[in-house]
Undergrad: 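One structure is given below, represented as structure tokens, and several questions about it will come after.
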There are 2 protein chains.
Amino acid sequence: MAGNGSGATAGSAAQRLETELKRAIVGLELRPGTRLSESEIADRHGVSRQPAREALIALSRMRLVEVLPQRGTVVTKISVGRLMQARFVREAVETAVVRRACDAFDRDARERIDGFIDVQERFASAGDHDSFQRYDELFHIALAEGAGCPLAWEVVRDIKTHMDRLCQLTLFDAPAMLALVEQHRTIIRAIDAGDPDGAAEAMRQHLTEILRAMPRVEAENPELFE
Amino acid sequence: MAGNGSGATAGSAAQRLETELKRAIVGLELRPGTRLSESEIADRHGVSRQPAREALIALSRMRLVEVLPQRGTVVTKISVGRLMQARFVREAVETAVVRRACDAFDRDARERIDGFIDVQERFASAGDHDSFQRYDELFHIALAEGAGCPLAWEVVRDIKTHMDRLCQLTLFDAPAMLALVEQHRTIIRAIDAGDPDGAAEAMRQHLTEILRAMPRVEAENPELFE
DNA sequence: CGCCACAGACTTGTATGGTAGTGTCGACAA
DNA sequence: TTGTCGACACTACCATACAAGTCTGTGGCG
């Protein structure tokens, strides 16, 4: 209850550590290749080794870190190949979601989305990259929920995490972010119009756009890629 | 190396426990609603509570169990709604996979598949449900790998696990299993013919078929559903 | 007879000590 | 100089002990 300015104190220490480490990895405070250790993380966060261990195991499940038994744990490097596969899977799921959304879309979710887009547009104009990404996530969550398939979001979530890590390097400027917001609007317009093909195509372009800068980013930061 | 006849002794105790528990849950030896406990599992398998705990956490991530803090852990009941969503997501991913397979398909994987289907057909004729499912899994793995998207399988795997649990209740007879094998052949034929729409439609029907018995199964075993 | 309080036996969560395995670095011999 | 061997420091992994919360059953009271 005491105002958690930002560090949401989730239930268990393990979960808190997990979200905190995830944030740090996606935000590139922990750069790919960084060596971690249960003990160090535990000490640094003032908890025991057990929660730290469980957090690292969770992160290894979503391939944000790689734990090498009896050797150590490292932050996984960005893999172009895996990101291409990730985009492929995400495109398959999210285009299917928007297609379904054209048939039937939950009204509450539909209204929420308008608000999300508006707020996201403001953050985009302000160049607030982190808040922009937070509302981007809310948009895609509401899309899945509105289409009646929250499970789709659970599948997409981990994939999006990796894409977000790349986006941290892409350093979108305000116009680029505004363009992405406009793509969200295009998707929603197609859904409202009941145009499945148009919605799917808009989503496809949206996801393609996000990774377009990958070659440049890789050329500029080869040490972060594998 | 040394032939692991069946009880594949994976690396860590936690992982061994996880696969063993997963097998037991999918095989309905641990029925939905069963109460578990870290201590009991640890004792029963002759290890400490820690590996048992990690295994349960892993299973809770894929929603095979639900752990209620300070209260207990239960095997999740089968949810019709979630299974419908699961089919939706799986259909989205796997139809995309077969479409891509029509463009380019790895030759080694292609050859492996023929073998898988033949073996699976034999198990189907023999009415060996477990082995049938094992080769069904190998088929879908090879499909994803052959299409160059092993990540797609990782996404589908957990979903398929839940569908497999339902299939355990469906009690396919030999003709039904042979029909499913024939659907596999239809998918492959469409891929060989370079017919994306045909392949996708065949996959769609295949996945629809699997869940067709769900209403009957739910009516016969209401206590296993939520 | 019905209801409430309390005690005990559970549960998961956390902390800590000990173990086996791996890479590293330095001494030593060819 | 180079190749080899050995002690050491470090890791994740496992076992055990403790803490905190929840349900249950029971006994006393109204």
Side-chain angles (χ1 to χ4, degrees), chain A residues 1-2 4 7-22 24-25 30-77 226, chain B residues 1-2 4 7-22 24-25 30-77 226:
Chain A
M1 294 311 155
N4 295 328
T9 35
S12 70
Q15 280 190 345
R16 270 182 293 140
L17 265 184
E18 179 185 336
T19 58
E20 166 60 18
L21 287 174
K22 182 174 169 183
I25 292 175
L30 294 173
R31 295 170 74 84
T34 305
R35 284 180 51 87
L36 303 177
S37 104
E38 296 176 356
S39 329
E40 181 196 338
I41 293 175
D43 293 345
R44 186 183 302 275
H45 292 79
V47 296
S48 160
R49 295 204 318 270
Q50 215 56 41
R53 170 176 172 75
E54 287 173 13
L56 286 181
I57 291 177
L59 293 179
S60 81
R61 294 244 161 204
M62 55 183 81
R63 295 199 187 250
L64 284 177
V65 305
E66 187 174 3
V67 17
L68 307 101
Q70 266 67 6
R71 292 174 58 185
T73 304
V74 296
V75 179
T76 55
K77 299 209 169 185
E226 73 171 7
Chain B
M1 309 300 165
N4 292 332
T9 37
S12 70
Q15 278 190 348
R16 269 182 293 138
L17 265 184
E18 179 186 336
T19 59
E20 166 59 18
L21 286 174
K22 182 173 168 182
I25 291 176
L30 294 173
R31 295 169 73 84
T34 305
R35 283 180 51 88
L36 302 178
S37 109
E38 298 175 356
S39 328
E40 181 195 336
I41 293 174
D43 292 344
R44 187 182 303 275
H45 291 79
V47 296
S48 159
R49 249 190 66 207
Q50 218 55 42
R53 172 176 172 78
E54 287 171 15
L56 285 180
I57 291 177
L59 293 180
S60 81
R61 295 245 163 205
M62 57 183 80
R63 295 196 187 251
L64 284 177
V65 304
E66 187 174 4
V67 18
L68 306 104
Q70 266 70 7
R71 293 175 58 182
T73 304
V74 295
V75 179
T76 56
K77 299 210 169 185
E226 72 171 8

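Residue numbers begin at 1 in each chain, while the letters A, B, ... track the order of the sequences.
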Undergrad: Ignoring hydrogens, what is the shortest heavy-atom contact between T76(A) and P32(A)? Give both atom names and the distance.
TA: O-CB, 3.4 Å
Undergrad: Can you list everything that forms a side-chain hydrogen bond (donor to acceptor under 3.5 Å, both in side chains) with E66(B)? Sequence neighbours excluded, please.
TA: none
Undergrad: So does E226(A) pair up with R63(A), basic N to acidic O under 4.0 Å?
TA: no
Undergrad: Using distance only, find each side-chain donor-acceptor pair of residues 50-59 of chain A under 3.5 Å and give its atom names and separation, not counting sequence neighbours.
TA:
residue: R53(A); atom: NE; partner: E54(B); partner atom: OE2; Å: 2.6
residue: R53(A); atom: NH1; partner: E38(A); partner atom: OE2; Å: 3.1
residue: R53(A); atom: NH2; partner: E54(B); partner atom: OE1; Å: 3.2
residue: R53(A); atom: NH2; partner: E54(B); partner atom: OE2; Å: 3.4
residue: E54(A); atom: OE1; partner: R53(B); partner atom: NH2; Å: 3.4
residue: E54(A); atom: OE2; partner: R53(B); partner atom: NE; Å: 2.7

Undergrad: Which nucleotide span of DNA chain D, 5' end to 3' end, has atoms closer than 4.0 Å to non-hydrogen atoms of chain B?
TA: dC14(D) to dC23(D)
Undergrad: May I ask you to say what L56(B) touches in the nucleic acid, namely base, sugar-phosphate or nothing, with a heavy-atom cut-off under 4.0 Å?
TA: nothing
Undergrad: Which atom pair, heavy atoms only, marks the closest approach of S39(A) to R49(A)?
TA: OG-CD, 3.8 Å
Undergrad: At a cut-off of 3.5 Å, list every protein nitrogen or oxygen paired with a nitrogen or oxygen from nucleotides 13-16 of chain C, distance to 0.1 Å.
TA:
residue: dG13(C); atom: OP2; partner: R53(B); partner atom: NH1; Å: 2.3
residue: dG13(C); atom: OP2; partner: R53(B); partner atom: NH2; Å: 3.1
residue: dG13(C); atom: N7; partner: R49(B); partner atom: NH2; Å: 2.8
residue: dG13(C); atom: O6; partner: R49(B); partner atom: NH1; Å: 2.7
residue: dG13(C); atom: O6; partner: R49(B); partner atom: NH2; Å: 3.4
residue: dT14(C); atom: OP1; partner: A13(A); partner atom: N; Å: 2.5
residue: dA15(C); atom: OP2; partner: S48(A); partner atom: N; Å: 2.5
residue: dT16(C); atom: O4; partner: Q50(A); partner atom: OE1; Å: 3.2

Undergrad: Are OP1 or OP2 of dG23(C) and a side-chain N or O of R71(A) less than 4.0 angstrom apart?
TA: yes
Undergrad: Any Lys/Arg nitrogen of R44(B) or E40(B) sitting under 4.0 Å from an Asp/Glu carboxylate oxygen of the other?
TA: yes
Undergrad: In chain order, what residues pass the salt bridge (Lys or Arg N to Asp or Glu O under 4.0 Å) check against R35(B), with sequence neighbours excluded?
TA: none
Undergrad: Who passes side-chain hydrogen bond (donor to acceptor under 3.5 Å, both in side chains) against R71(A), sequence neighbours left out?
TA: none
